[in-house]
2 protein chains.
Amino acid sequence: MKNIVLFAADGAMASQLTGIIDFFMICNRFWQVTNNQDTDLFTVNVISPNGNNITCDGGIVINATSLKNVALPSAAVIVGGVSYDDKTLTKYLTKISPLKQDILKCEKNAVPIATFCSSTFIAAEFGLLNGKKATTVWWLVKIFTQKYPQVTLQLDELVVRDKAIFTAGATTSYLSLCLKLVEELFDGQLADQISRLMLIDPNRCSQRPFMLLDLPERHHDDLIKKIQQWMIQNLSQPISLDLLADKFATTKRTLIRRFKKVLNDTPMNYLQKIRVESAKRLLECSGLSLEQIVLKVGYEDVSSFRKLFVELVELTPREYRERFQQSINANIIEG
Amino acid sequence: MKNIVLFAADGAMASQLTGIIDFFMICNRFWQVTNNQDTDLFTVNVISPNGNNITCDGGIVINATSLKNVALPSAAVIVGGVSYDDKTLTKYLTKISPLKQDILKCEKNAVPIATFCSSTFIAAEFGLLNGKKATTVWWLVKIFTQKYPQVTLQLDELVVRDKAIFTAGATTSYLSLCLKLVEELFDGQLADQISRLMLIDPNRCSQRPFMLLDLPERHHDDLIKKIQQWMIQNLSQPISLDLLADKFATTKRTLIRRFKKVLNDTPMNYLQKIRVESAKRLLECSGLSLEQIVLKVGYEDVSSFRKLFVELVELTPREYRERFQQSINANIIEG
DNA sequence: AGATTAAGTGTCATTATTGACTTAAAACAG
DNA sequence: CTGTTTTAAGTCAATAATGACACTTAATCT
């Protein structure tokens, strides 16, 4: 029997804890029913800093214990708190830090350790991710890269594995993470069956399409889709038609023709739209200076970018940044 | 401020309750952060039969109250229990039935009512779905149609709406359901932002691809994909090459060529594989007689189907059922 | 058994897509 | 402002996909 331990502290998100607990409970039930057995495949134990019960954000109380009271873990999941920014992250980090020794002990014993959403910060803070590949939730990426430059973020995967460390993306990705653990600790067939039972898309692989941009052009040209994805992921470097044609094993002429066909736009013009959209997003969601943003989305010159921005958005970047929240206000209050 | 009430009873699945609670809490936080406000958009109240706290399956206790103690609901969600078969369904139904009057009151007051997974049974039992369109979790479909023939199941949607009744599919579909409620009660823009934040695929629309078959051929031919999908959904009727060519505005020759290219198979041969796969699934998961199954997957003649089945599966249908119903989900569907 | 039907193959003219080349227009640097 | 570079568009030959049609094969019906 596999023992899964969940490391968590007061302020954890209840649905993430119960979600994981229920996930493995469903695995057990399914296994029992399909194999006519009574034994459980998995046990789940919640481990809290002092071994006392955990009061989740929202007040729900979850039974917890100490690591020394449970069987040797087969896998450990660190469950994060409700974290939106540096402050709330730090607060939860303080609460969970008494568990650092326990977590490091797991690592030393080669117990697979999994994190998702904001709990990846905890793993990074404890040094588990140094020199490793990982992913985290897209809206905390900026803080993450600032704090933990030694970690290689790989945002285009929903679940990233590096040796015995599994990391996953935003809130609901714990389901994919659990599937991965079932596959790892048990077998792929059960994982497959559970994914059908619970309706978890096993092919969901990237957070990236979610985090971006209001450019939802629906079309069926696979090549162009790939190029769009690639553009978004490589904005900061210079992109030329020749480069694209080379990279995707085609010709400039074909690129232009097919972009026009499915997006009714030329490749470079579309790229520009992506750059401006990305800049808008960064203006909305990040504290980066305009210059940093301009560099990030692949321009060298702030002033020419500003001109372009004004032309397309009809606001200066500064105005846009100021207005964004106001305009959302307006929309929502009307609704 | 919108008040969401969750109707639940002892034995509810904790992660579903907390999942919905946290979902709307995240909406609130997100709204507050992006708008610099203190007010909540949503409150969530759990309503139990006697107003006492609810002990979920697994022992977690959730605060609950009575309907009379809370503000007029803007929407109601019925949360189901951990239900695998008729027996567990009935057990939970008994526990939640004292809430019937409250739920009917909501309906009378035109409060939108939402159900998902097994809780759709509760709505059906209370008569809320008579003559309406609905969906439920795919592995309880058989029991559902037996018990509630007055309800039109629409399984190819993940969330189905008919007037003020929303129904959704399996376990994790409550996220899509919540998104729909946000859109309904508030606005689509917030729903869109939350879907990105929580990484809920807003385009996930059908349970159907999940419930089926071990035929995961990956290719990039959109037309053939559509045809595969359509085949699966229309197995019971006779399908000919001419029909397909006509329906998908192409020619027989092209169909054959493209099937061969991406699936390395001819259209009719592939269709046969689907039919046999579906029959296998029905043998595993349903109590239907072989004759019923044979009809359902589109054959007229049992004996020729049996011959075919033996040839491809190397077991007679009966042997197959014995072998796999035992080891796969005997009790789940038959109860 | 022989006729009938539908699926699949072979072939070829038609059409659509591509790549090479050229030209025009725009963007950029000095 | 001018010369240079890059992108986009026009043209046409080469290539690939398609549709029409004739034909083979396998299964079905009488």
Side-chain angles (χ1 to χ4, degrees), chain A residues 219-228 231 234-235 237-276 294 297-312, chain B residues 219-228 230-231 234-235 237-276 294 298-312:
Chain A
H219 60 79
H220 306 286
D221 191 322
D222 232 57
L223 172 68
I224 302 300
K225 266 187 194 158
K226 266 190 211 140
I227 297 179
Q228 289 176 270
M231 279 180 170
N234 295 277
L235 273 190
Q237 64 174 320
I239 298 176
S240 72
L241 257 188
D242 280 309
L243 181 79
L244 287 177
D246 189 47
K247 195 149 205 93
F248 292 91
T250 180
T251 59
K252 293 195 284 185
R253 194 70 195 85
T254 303
L255 282 183
I256 293 170
R257 274 195 283 236
R258 283 170 64 167
F259 261 87
K260 194 104 205 175
K261 187 169 181 183
V262 299
L263 297 172
N264 197 30
D265 210 340
T266 63
M268 289 301 132
N269 202 42
Y270 182 80
L271 177 61
Q272 201 176 63
K273 282 187 188 168
I274 292 185
R275 290 196 149 124
V276 172
V294 166
V297 302
Y299 290 94
E300 287 157 12
D301 180 34
V302 176
S303 74
S304 65
F305 174 80
R306 177 178 287 114
K307 216 178 105 195
L308 175 71
F309 191 93
V310 171
E311 194 177 305
L312 290 176
Chain B
H219 60 78
H220 305 286
D221 191 323
D222 233 59
L223 172 68
I224 303 300
K225 268 188 195 158
K226 265 191 215 142
I227 296 179
Q228 288 176 272
W230 186 89
M231 279 179 170
N234 294 278
L235 275 189
Q237 65 174 306
I239 299 177
S240 73
L241 257 188
D242 281 310
L243 182 78
L244 287 177
D246 189 47
K247 193 148 206 93
F248 291 91
T250 179
T251 60
K252 292 196 286 183
R253 195 70 194 84
T254 303
L255 280 183
I256 293 169
R257 274 196 283 238
R258 284 170 66 165
F259 261 88
K260 196 109 204 175
K261 187 169 182 184
V262 300
L263 296 172
N264 197 31
D265 211 341
T266 62
M268 288 301 130
N269 203 43
Y270 182 81
L271 177 61
Q272 201 177 62
K273 282 187 188 169
I274 293 184
R275 291 194 148 126
V276 172
V294 165
Y299 289 94
E300 287 158 10
D301 179 34
V302 177
S303 74
S304 64
F305 174 80
R306 177 179 286 114
K307 216 177 104 196
L308 175 71
F309 191 91
V310 172
E311 194 178 305
L312 290 177

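Keep in mind that the numbers below use all heavy atoms, side chains included, and drop hydrogens, waters and symmetry copies. Chain letters run A, B, ... following the sequence lines, proteins first, then strands; residues in each count from 1.
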### Message
Once you apply a heavy-atom cut-off of 4.0 Å, does Lys252(A) come out as touching a base, just sugar-phosphate, or nothing?
### Response
base
### Task
Could you state the atom-to-atom distance from CZ of Phe259(A) to P of dA8(D) in whole Å?
10 Å
### Task
Check every strand shown and say whether Arg257(A) touches a base, only sugar-phosphate, or nothing at a heavy-atom separation below 4.0 Å.
base
### Query
Nearest to the side chain of Pro267(A), which nucleotide is it out of dT9(C), dA8(D), dG10(D)?
dA8(D)
### Query
Taking only N and O in the side chain of Thr254(B), is any of them less than 4.0 Å away from OP1 or OP2 of dG19(D)?
yes
### Message
Could you tell me how far apart Phe248(A) (CZ) and dT18(C) (C1') are, to the nearest whole angstrom?
### Response
18 Å
### Query
To the nearest Å, how far apart are Tyr270(A) OH and dA8(D) C1'?
19 Å
### Task
Just call it for Ile256(A): base, sugar-phosphate, or nothing, with non-hydrogen atoms closer than 4.0 Å on any strand.
base
### Message
Heavy atoms from C-beta onward define the side chain here; which of dT18(D), dG19(C), dT7(D) lies closest to that of Thr251(A)?
### Response
dG19(C)
### Task
Nearest whole angstrom, please: distance from the C1' of dA9(D) to the CG of Leu241(A).
12 Å
## Note on the structure
When rounded to whole Å, the CG to P distance for the pair Asn269(B) and dT25(D) reads 18 Å
### Leu235(B) backbone acceptor or donor facing Arg275(B) side chain under 3.5 Å
yes
